[in-house]
Structures are given as structure tokens and as C-alpha cells.
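One structure is given below, encoded as C-alpha cells.
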There are 2 protein chains.
Amino acid sequence: MPRVTDDHRRARRDEIARAALRCLERTGIHQTSISDIVEESGLSTGAIYSNFPNKREIMRYIVSDYLFPRLDEIGWPGGVRQPREVLELMLQGFTEDGLPPRIIIQFWAEASLDAELHDDMARTVARLRDTLMRRLLPWARTRATSDTAATALAREHAVALNAIAQGYIAHTAVFGPRDPLEYIESIAAVVA
Amino acid sequence: MPRVTDDHRRARRDEIARAALRCLERTGIHQTSISDIVEESGLSTGAIYSNFPNKREIMRYIVSDYLFPRLDEIGWPGGVRQPREVLELMLQGFTEDGLPPRIIIQFWAEASLDAELHDDMARTVARLRDTLMRRLLPWARTRATSDTAATALAREHAVALNAIAQGYIAHTAVFGPRDPLEYIESIAAVVA
DNA sequence: ACCTGAACACCGTTCAAGT
DNA sequence: ACCTGAACACCGTTCAAGT
């Protein structure tokens, strides 16, 4: 019995979150009002508030489940791949499949002010890092003598990949789209 | 005669902007209300609104004049400096003298939604880039055959330095303070 | 000319009433 | 149990009245 109710509840929450996301893509977090979400979803104010306690919890739900939806579904090639190549695939994956950078940077701004939203973001980013780690592991094994060392190396590089991706997203959010390969090349030239 | 009035006006606007900035550091752009700024500045609502047409224009004023206040006042060493070293000094300068990354990322989020604020931001970043360019020029001259080529090279690298600094600020805004040198080293290891 | 602060319109949230 | 939508409190902005 709880099964049916839970499924229904989740479906409703997804319906609301997706409507909210369509509003966010148009106007951002703070310019999106509850009544915009009411209109976009076709539900009533009360329907929103009987599924989420407040607007902030809708945003937390989005950060946890919708912010970087498909990174583990990128068509990753198998085999040994250099970190640089994994980075290139990741940035191309964001460009093609992710939410607009404009939205992501707004959630970062929120996360820097709200401890719980920050923790949701940290968990989401940790999932991303683990996906990257798995892709880096074959390469890391060619560089390390033990399995433990390989895991540590892959993890370190996955963290750095996340950091560069964050820089790329922030950059394109503010200054517009940019070719990922050219971006990577330009920062490589500077830190070399 | 207009001189005195203009100076007075500018002083008042600075007074308001600084009070607003103190509020922003505590609670962010959207959680800072006009009445917070009224309280923090000791002025009245009407005094705010007779110096700025609305809250957004206070934010534009901050982006133009207060966001990266001291980058050209960093104690830059003279002589030929590698891009990597200029990058290190820049990130250290941000860490020591700039506004908290938490605030800067909020203005980026705003700039990605508001065309005029975006243009203010672009001008501010262009000033930063020109400062960096001047610091890179001695190095660029050792690498280029003409003055024109040196200028172009310095400019290219200055743009990349800005991009990396933006990544660093976004990263520290969300994930907390991090040693600039270690950050640079970790991304260098990946794009190498 | 600049400032005061009460009044207005709008948004997030609540809650009595419905199914 | 979930939903409706009018009502409430608060925030950005305006404006008649003051200096």
C-alpha cells in the first residue's frame, strides 16, 4: 500500500520539479515565483505545498536529482584513457546533455549561502567524481604499483577534473558558449 | 557648482553601496532587503531611492566599482614573470584582498540573467584582463618577434588567467578555501 | 533638491473548507 | 489524504508631504 502512494508522491514531485526547472531556465531561481510554477505545472498552490514544504525544498530536490542528470550516461569509450581525454569527454557531455550553465551557476550561488543545499550539491558532485574515477581507473593502474595507489590517483585526478569542469561551467555561464577543447588548450598553455 | 553636488552624490552612493555590501556579505543578494540596507546605512528608504532608482542599480554600481577592488594594487614584482607566476600572484591577491568568493559567484549568477549587469561585469573583467596583460608583457616580449605579436600573446594568456581565476573563485565559493598553489598544481597535472 | 515614511502591489506561505 | 484558493505577512517601490 505505501508503495503506490510513494510512487504517486514521487511522480507528483517530479512533475513539480520539472515544471519548476522549465521556469528556472527562463528566468532563474529568484525571479521564478510559486505562481509561475503553479501556472507552468497546471496544479494549484496547495498542490505544490502539499508535495513540498516550501520553494527551497523544490530547489534542493532539483540539486539532488536533476542538476547533472546524465553524466554516467555519456557514451564513454572503454579502455585506458588519459585524464585529459576524460576531461574533454566530460566537458562535451555537459555541453550536449546538461542543464544550461546559467542555471547551474545559480545553484552554486545558492549553495554558497545555504548549508543544506550545499550538502545536497556536495553529494551530487561526489557522484560525478565517482563516475569520473571509474573512467580514470584503467589509466591510473598503468601509473600505480598497487590497487590502493591507483584508486587514490584516480580520485585525485577526478577531483581536479571536477574543478576544471566547474571553471568551464562558470565561464560559459557568464561569457557564453565556448569550445571545450579550445578552453582546455588555453588553460593548459598557462599552467604548463 | 555641479562639482560639489556630484561629489556629494558620489559619496552618498558609495555610502549606500558599502552598507549594501556589508549586508550582502552576511546574507547574499536576494536575502538582503532594502530595509536591511536602510538599517545598515542609517538612512531612510527615500534616501536610498533618491540616490538609486532601484535595488538592481545598487548591484550594478557594486559590480562596476567594488567587485574586484584592488587587483592593480597587488604588490606586483617587476621584470619578466612567467604566466604561471602571474597566475599565482593573482589568486593569492584575490584570497587576501578581494571580496569573498561567495559574493562574487552571486554576481556571476545575476550577470548570467541580466544583460546590463552582464555588460558591467564584462567591463570589470576587461579591466582585470588589462592589468594582467601589462604584467605579462615583459614575458611575452621574450617570446614574440614583434610588439604586435607580444601584445596579442599577452592578451591571450591574460584571458586564460581570468578563466582560471574564475574557476578558482567558483570552486572556493562552493567548496571552501583552498591553497591557490595546490589548486593550480592539481589542474596542471590533469591538462598536462 | 533631497529626504521622510506611510501606502501599494506582489510573492511566499498558511489554513479553513472541500473531495 | 490530498487539494483548493482566499487571506496574511513581508519586500520592493512610489509618492504626498516636509526641509
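Every chain is numbered from 1, with letters handed out A, B, ... down the list of sequences. What you are looking at is a predicted structure, and each value in this text was computed from that prediction instead of being measured.
A donor-acceptor pair is defined here as one N or O able to donate and one able to accept, closer than 3.5 Å; such a pair exists between the side chain of A/Gln106 and the backbone of A/Ile29. Looking at A/His171, its side chain never comes within 3.5 Å of a backbone N or O of A/Gly167 through a donor-acceptor pair.
Once rounded to the nearest 0.5 Å, the distance linking CG of B/Leu99 with CD1 of B/Ile104 reads 5.5 Å.
A straight line from CD1 of B/Ile48 to C1' of C/dA6 spans 17 Å, rounded to a whole angstrom. Atom CZ of B/Arg9 and atom C1' of C/dA1 are 10 Å apart (whole Å). Nucleotide C/dC2 holds its P atom 14 Å from the CZ atom of B/Phe52, rounded to whole Å.
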* Could you run down nucleotides 12-19 of chain C 5' to 3' and tag each one B, S or - for protein heavy-atom contact under 4.0 Å? -> SBB-----

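Contact of the B/Arg26 side chain with the B/Thr32 side chain is not registered, since no non-hydrogen atoms from C-beta on lie closer than 4.5 Å.
With hydrophobic clusters built from ILVMFWY side chains whose heavy atoms lie under 4.5 angstrom apart, B/Val174 shares a cluster with A/Ile105. Side-chain heavy atoms closer than 4.5 Å link hydrophobic residues (I, L, V, M, F, W, Y) into clusters, and following such links, even through other members, never connects B/Ile184 to A/Val159.
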* To do: Would you please test A/Tyr61 and A/Asp14 for side chain to side chain donor-acceptor pair (under 3.5 Å) and show each step?
  => CA-CA 9 Å; A/Tyr61 191 76; A/Asp14 284 346; 2.6 Å; yes

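Interface residues of residues 111-119 of chain A facing DNA chain C, ordered by number: none; criterion, heavy-atom separation under 4.0 Å.
Between B/Phe94 and B/Tyr168, the gap from one ring centroid to the other reaches at least 6.0 Å.
Figure legend. C/dC2 is base-paired to D/dG18; pairs are counted as Watson-Crick or G-U wobble with both atom distances under 3.5 Å. Base pairing of D/dA7 is made with C/dT13, judged by Watson-Crick or G-U wobble geometry with both donor-acceptor distances under 3.5 Å.
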